[in-house]
Protein chains: 2
Amino acid sequence: MPKLGAEPIRRAALVKATIETVGEAGSLEVTVAQIARRAGMSSALAHHYFGSKEQIFLAAMRSILTLYGAEVRGALATATGPEARLRAIVAGSFGVGSFRREVISAWLNFYVLSQTQPEARRLLHVYQRRLRSNLRHELRPLVGSRAEAVARGLGALIDGVYIRAALAEGAPDRRYALKIVTEYLERELEGKA
Amino acid sequence: MPKLGAEPIRRAALVKATIETVGEAGSLEVTVAQIARRAGMSSALAHHYFGSKEQIFLAAMRSILTLYGAEVRGALATATGPEARLRAIVAGSFGVGSFRREVISAWLNFYVLSQTQPEARRLLHVYQRRLRSNLRHELRPLVGSRAEAVARGLGALIDGVYIRAALAEGAPDRRYALKIVTEYLERELEGKA
DNA sequence: TTTTTTGTTGATTGACGAGTCAATAAACTT
DNA sequence: AAGTTTATTGACTCGTCAATCAACAAAAAA
């Protein structure tokens with residue numbers, strides 16, 4: 001029963017289902033059929049819209065990165081001054097949308113995918129660069145020449161906290177994650193002014 | 001042509017080949033046949049000694065974690081005093097044996113495996129706890145009540161630096177990795193004494 | 001109303017890969 | 001010498017899964 005204009009809805013449903021399925025399975029070794037079933041359609045339809053499993057994964061990854069970017073931008077919107085903006089970037093990185101079990105787990109898996117998949121790698125690089133550039137920009141007036149190193153450290157720490165959250169049992173603790181990264185930031189800023 | 005006492009040699013060869021294969025492929029989706037070929041034997045023999053692919057992976061993971069532990073202990077052997085010991089732990093974490101392309105990549109993949117595989121998870125937990133406990137122990141006299149938080153931060157940062165190295169192209173830069181983590185440590189220690 | 005476009009799926013294909021097995025052979029035991 | 005244990009592999013089984021296809025249905029266009 002074709003309701004026209006199904007394509008965008010189907011695609012979105014598949015992307016959502018992919019993140020959930022990969023997140024729950026904790027692995028990319030999920031079948032297109034599993035994803036499709038969760039999204040309420042046949043695997044044939046999933047192939048019809050995305051062409052291949054690879055493309056489904058890439059779409060899911062884009063979705064995660066877009067969500068992440070949106071949360072950072074959202075947090076940044078109301079922040080003025082370098083320190084506030086740095087805090088906003090960090091807070092945005094642990095936003096309620098991104099810092100969720102399945103999303104974290106899916107993110108980790110897509111991270112691994114980036115080792116093999118050129119396009120996945122590209123996507124990840126774009127976001128890493130953007131984050132580092134944002135951090136560096138706000139850090140410059142506060143820590144001068146150390147900006148680059150601190151930006152890299154913060155980036156790595158954020159990744160590290162994510163990866164650990166992926167392995168921890170129970171719901172990931174946003175507050176605690178935030179605290180760790182924020183304290184790092186504060187230590188680095190201490191000798192400022 | 002059975003040379004007796006082949007078992008330990010074969011097992012070691014398979015473990016080594018597994019790390020190399022997984023590291024190069026950047027994925028756990030490698031076949032037992034690939035691993036076995038690289039180790040110079042048939043896939044049947046690999047199954048004969050390990051029983052299953054899963055067991056092969058676990059053996060490889062144990063090997064990585066054992067190597068890591070050995071490097072940390074090695075660095076610790078000559079260090080006296082909390083600060084020197086902390087530096088040793090960090091340095092050991094980026095030892096020449098562990099902080100190598102294939103090993104890092106394999107490590108990342110086994111990390112992901114830990115989301116699914118109970119035994120892999122257990123192994124990782126053991127090592128994470130040991131690291132944190134070591135760090136905490138040396139941190140206590142230096143930062144007091146902050147020891148726990150700093151230990152967690154350091155652990156996460158080390159993981160984060162590893163994970164980023166997995167994605168970076170070219171040979172991983174030990175010196176730079178070490179610098180980032182060491183500086184974090186120094187900042188935390190600054191207000192000491 | 002015929003035709004085209006869009007949506008949808010069950011069934012099938014084709015490849016691949018983990019794990020098993022039977023067979024072969026060299027060494028070691030009795 | 002006969003029997004047992006250890007080493008080793010080619011061939012095979014069996015399941016799984018990505019991807020394709022033929023076919024059907026409803027809406028839109030002609």
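In what follows, chains carry the letters A, B, and so on, assigned in the order in which the sequence lines appear, proteins first and then strands, with residues in each chain numbered from 1.
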Undergrad: Among D:dT9, C:dG7, C:dG19, which nucleotide sits nearest the side chain of B:Ala44?
TA: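 Looking only at side-chain atoms, B:Ala44 lies closest to D:dT9.
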Undergrad: Do NZ/NE/NH1/NH2 and the carboxylate oxygens of A:Glu186 and A:Arg87 come within less than 4.0 Å?
TA: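 Salt bridge between A:Glu186 and A:Arg87, a charged N being under 4.0 Å from a carboxylate O: yes.
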Undergrad: Once you round it to whole Å, what is the distance between P of D:dT9 and CZ of B:Arg37?
TA: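 Nearest whole value for this atom pair: 13 Å.
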Undergrad: Just the rounded figure in Å: distance from C1' of C:dA18 to CG of B:Leu45.
TA: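 Rounded to whole Å, this separation is 16 Å.
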Undergrad: Would you call A:Glu20 and A:Arg100 a salt bridge, taking side-chain N to carboxylate O under 4.0 Å as the test?
TA: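 Result for this pair is no, no salt bridge flagged.
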Undergrad: Grab the CZ-C1' distance between B:Phe50 and C:dA18 for me, whole Å please.
TA: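 These atoms are roughly 16 Å apart.
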Undergrad: Looking at every strand, decide which applies to B:Ala6 at a 4.0 Å heavy-atom threshold: base, sugar-phosphate, or nothing.
TA: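 Result for B:Ala6 = sugar-phosphate.
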Undergrad: What is the distance from CG of B:Leu14 to P of D:dA7, rounded to the nearest Å?
TA: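 In whole Å, D:dA7 P lies 13 Å from B:Leu14 CG.
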Undergrad: Once you round it to whole Å, what is the distance between P of D:dA18 and CD1 of A:Ile35?
TA: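 A:Ile35 atom CD1 is separated from D:dA18 atom P by 8 Å.
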Undergrad: Examine A:Arg130 relative to A:Tyr127 and say whether NZ or CZ is less than 6.0 Å from the centre of the six-membered ring and inside a 45° cone about the ring axis.
TA: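 Yes, A:Arg130 sits over the ring of A:Tyr127.
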Undergrad: By the 4.0 Å heavy-atom rule, please label A:Ser42 as base, sugar-phosphate, or nothing.
TA: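 A:Ser42: base contact, heavy atoms under 4.0 Å.
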Undergrad: Specify the separation, in whole Å, of atom CD of A:Gln34 and atom C1' of D:dT16.
TA: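 A:Gln34 atom CD is separated from D:dT16 atom C1' by 11 Å.
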Undergrad: Determine, for B:Glu7 against B:Arg10, whether the closest basic-nitrogen to carboxylate-oxygen distance falls under 4.0 angstrom.
TA: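 A salt bridge is absent here (no side-chain N lies under 4.0 Å from a carboxylate O).
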Undergrad: State plainly whether the residues A:Arg101 and A:Glu24 are in salt-bridge range, i.e. N to O under 4.0 Å.
TA: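 No, this pair does not count.
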Undergrad: Between C1' on D:dA7 and CE on B:Met41, what's the gap in Å once rounded to a whole number?
TA: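 In whole Å, D:dA7 C1' lies 11 Å from B:Met41 CE.
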Undergrad: Is the shortest side-chain N/O distance from B:Arg10 to OP1 or OP2 of D:dT6 below 4.0 Å?
TA: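 Checking B:Arg10 against D:dT6: no side-chain N or O falls below 4.0 Å of OP1 or OP2.
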Undergrad: May I ask you to say what B:Ser43 touches in the nucleic acid, namely base, sugar-phosphate or nothing, with a heavy-atom cut-off under 4.0 Å?
TA: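 No contact at all - B:Ser43 keeps every heavy atom at 4.0 Å or more from the nucleic acid.
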Undergrad: Establish, with yes or no, whether the OP1 or OP2 oxygen of C:dT8 is under 4.0 angstrom from a side-chain nitrogen or oxygen of A:Tyr49.
TA: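 The answer is yes; a side-chain N or O of A:Tyr49 sits under 4.0 Å from OP1 or OP2.
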Undergrad: Find the distance B:Lys53:NZ to C:dC16:P and express it as a whole number of Å.
TA: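 Result: 15 Å.
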